[in-house]
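Structure record follows, encoded as structure tokens.
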Amino acid sequence: MNSIIEVTNLSKSYGVLEVIKNVSFKVYEGETVGLLGENGAGKTTTVECILGTERFDSGKVKILGLDPSKNRKELFERVGVQFQESGYQSNIKVEELCQQARSLYKKSADYAKLLEKFGLLEKRKTYVEKLSGGQVQRLFIVLALISNPEVLFLDELTTGLDILAREDVWSYLESIKTKTTILMTSHYLDEIKQLCDRILVLDKGKIAFNGTVLDCIKASPYETFEDAYLWYIKKGRVK
Amino acid sequence: MKILKTLFATEAKLSLRGMDMLIFAIIIPIIVTIIIGLIYRGAPAYPGASFTFIEQSFGAIAAISICAGGVMGLPLIIADYRQKKILKRFKVTPISPIVIIFTQLLIYFAYSIVSLLLTYAVITKMFSGSFSGSILGFMLSYMLVLVAMFSIGVMVGGIASDSKTAGIISSLLYFPMLIFSGATLPYEIMPQSMQRVVNVLPLTQGIKLLKASSLGTGVDNVIESLISLVLLSLLCYTIAIKYFRWE
């Protein structure tokens with residue numbers, strides 16, 4: 001299988017604080033990989049180092065065989081990103097934000113269809129400021145999908161969404177899963193179980209586990225994913 | 001080019017919805033023109049002058065919107081887009097965040113040009129003024145003043161730690177220049193001691209250049225202004241490029 005995302009010996013510190021320690025992993029074509037870990041485990045920093053929005057101290061990153069800092073223009077035609085925190089211009093309407101995002105790419109998806117899938121079509125003339133938190137979150141997923149990306153980065157995908165909206169987002173992602181490679185971070189184990197082919201558990205900047213959800217359970221003394229996950233995290237603390 | 005067109009159209013719409021630049025860069029210069037015009041009517045700039053007071057003021061009023069866009073509009077929008085992580089979002093698209101900043105420069109340039117034309121229209125139609133300088137000379141001076149004032153904005157917006165700081169610095173630069181550089185309160189009616197003090201403001205130098213070129217009074221007297229604006233631009237753009245914070 002083709003590896004789409006390749007991270008080799010990635011390290012990053014803020015001053016004396018080591019946030020990522022020698023992290024290496026690959027994500028293969030068509031795979032959905034979940035990055036898990038406690039708050040402050042380094043999930044977002046890892047994603048941002050991969051994307052080149054954060055500088056890292058050492059290591060190598062390749063997406064689609066390209067260097068994100070050197071081949072930016074070429075690479076980001078094919079990559080979609082949803083950041084954990086993102087903002088928008090004052091006085092902008094939903095449709096205007098979509099049109100602006102669409103204009104940045106050579107080829108793009110029909111944003112009206114995407115808005116419809118995420119329950120935002122009737123809001124297209126609404127000011128983004130007037131949307132609820134969950135609606136803004138869904139809008140940013142639409143923006144990440146607007147380029148029909150081959151690779152998708154989703155940071156805290158459904159944080160702030162209600163159960164129904166989460167299910168809608170999940171079912172959409174399942175529909176594009178096979179033709180899109182996805183790296184996502186999440187706090188929700190049910191979401192990870194539902195969507196991810198493989199998980200990476202990040203603990204204090206190191207990869208504590210790399211494998212499927214089933215492997216994760218098998219390698220622990222427990223029966224459920226929740227218990228097994230906690231066991232991995234706590235194991236790290238005892239050391 | 002198509003991308004720039006779309007970005008310009010959207011961002012200009014957002015800017016107009018915000019109203020503040022419409023007021024500070026378009027309406028205020030018109031009001032100032034009308035007030036000065038009504039006060040001085042067709043009076044000469046000084047006894048024996050070959051041009052009227054309002055004609056002399058054209059170069060000064062033309063600087064109001066450049067100042068509003070460069071020193072107020074630009075730093076605020078750059079700091080705001082950084083704080084809202086809009087610049088960061090552009091970093092993960094094929095288009096560099098520099099393009100969105102360049103779009104803003106174009107928008108403030110457009111405000112300035114519209115204001116320039118309106119000011120000219122009011123002076124010629126309402127107060128029968130005319131333009132006696134060199135059009136090319138005026139255009140070059142105008143571009144230099146614009147480049148210099150925008151350099152301040154790009155620098156302040158680029159290095160201010162957040163929107164609030166950018167707002168404070170902008171106000172500290174904008175209001176003194178609006179009132180004391182001669183843009184609104186005519187430089188000629190200030191006492192000499194005050195003129196010496198306000199000469200340190202970059203816009204005062206810019207206005208001297210604009211006046212000299214619009215009145216055709218020669219470049220010799222304003223060489224210092226010209227050099228100081230070139231140096232200021234170089235300094236500000238260098239600092240901006242070196243220390244710009246994208247996040």
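The sequence lines fix the lettering, A, B, ..., with proteins before strands; numbering per chain opens at 1. Every heavy atom of this structure was used, including side-chain atoms; hydrogens, water molecules and symmetry mates were not.
- When Lys106(A), Gln99(A), Glu48(A), Arg78(A) are compared by the number of non-hydrogen pairs under 4.5 Å with chain B, Glu48(A) comes out ahead.
- Proximity to chain B (any heavy atom under 4.5 Å) is shown, for Leu75(A), by neither the backbone nor the side chain.
- Shown here is Ile135(B), whose CD1 atom has no more than 12 heavy atoms of other residues, nucleotides or ligands within 6.0 Å.
- At a heavy-atom separation below 4.5 angstrom, chain A is approached by Lys84(B), Lys85(B), Ile86(B), Lys88(B), Arg89(B), Phe90(B), Lys91(B), Val92(B), Thr93(B), Pro94(B), Ile95(B) within residues 82-95 of chain B.
- If you measure heavy-atom distances from Glu74(A) to chain B, you find no contacts under 4.5 Å at all.
- Other residues, nucleotides and ligands contribute only 12 or fewer heavy atoms inside 6.0 Å of the CZ atom of Phe102(B).
- Residues of residues 13-32 of chain B lying within less than 4.5 angstrom of chain A, judged on heavy atoms, are Lys13(B), Leu14(B), Arg17(B), Gly18(B) in numerical order.
- Using a 4.5 Å cut-off between heavy atoms, Gln82(A) makes no contact with chain B at all.
- No more than 12 heavy atoms of other residues, nucleotides or ligands sit less than 6.0 Å from atom OH of Tyr243(B).
- In this structure, chain B has no heavy atom under 4.5 Å from any part of Phe153(A).
- The closest side-chain heavy-atom distance from Ser103(A) to Lys5(B) is not below 4.5 Å.
- Heavy-atom neighbours of Glu129(A) CD from other residues, nucleotides or ligands within 6.0 Å: above the threshold of 12.
- Taken from CD1 in Ile77(B) to CD in Gln89(A), the straight-line distance is 8.0 Å, to the nearest 0.5 Å.
- Around CD1 of Ile98(B), the count of heavy atoms belonging to other residues, nucleotides or ligands within 6.0 Å does not exceed 12.
- Using a 4.5 Å heavy-atom cutoff, the side chains of Thr6(B) and Gln100(A) are not in contact.
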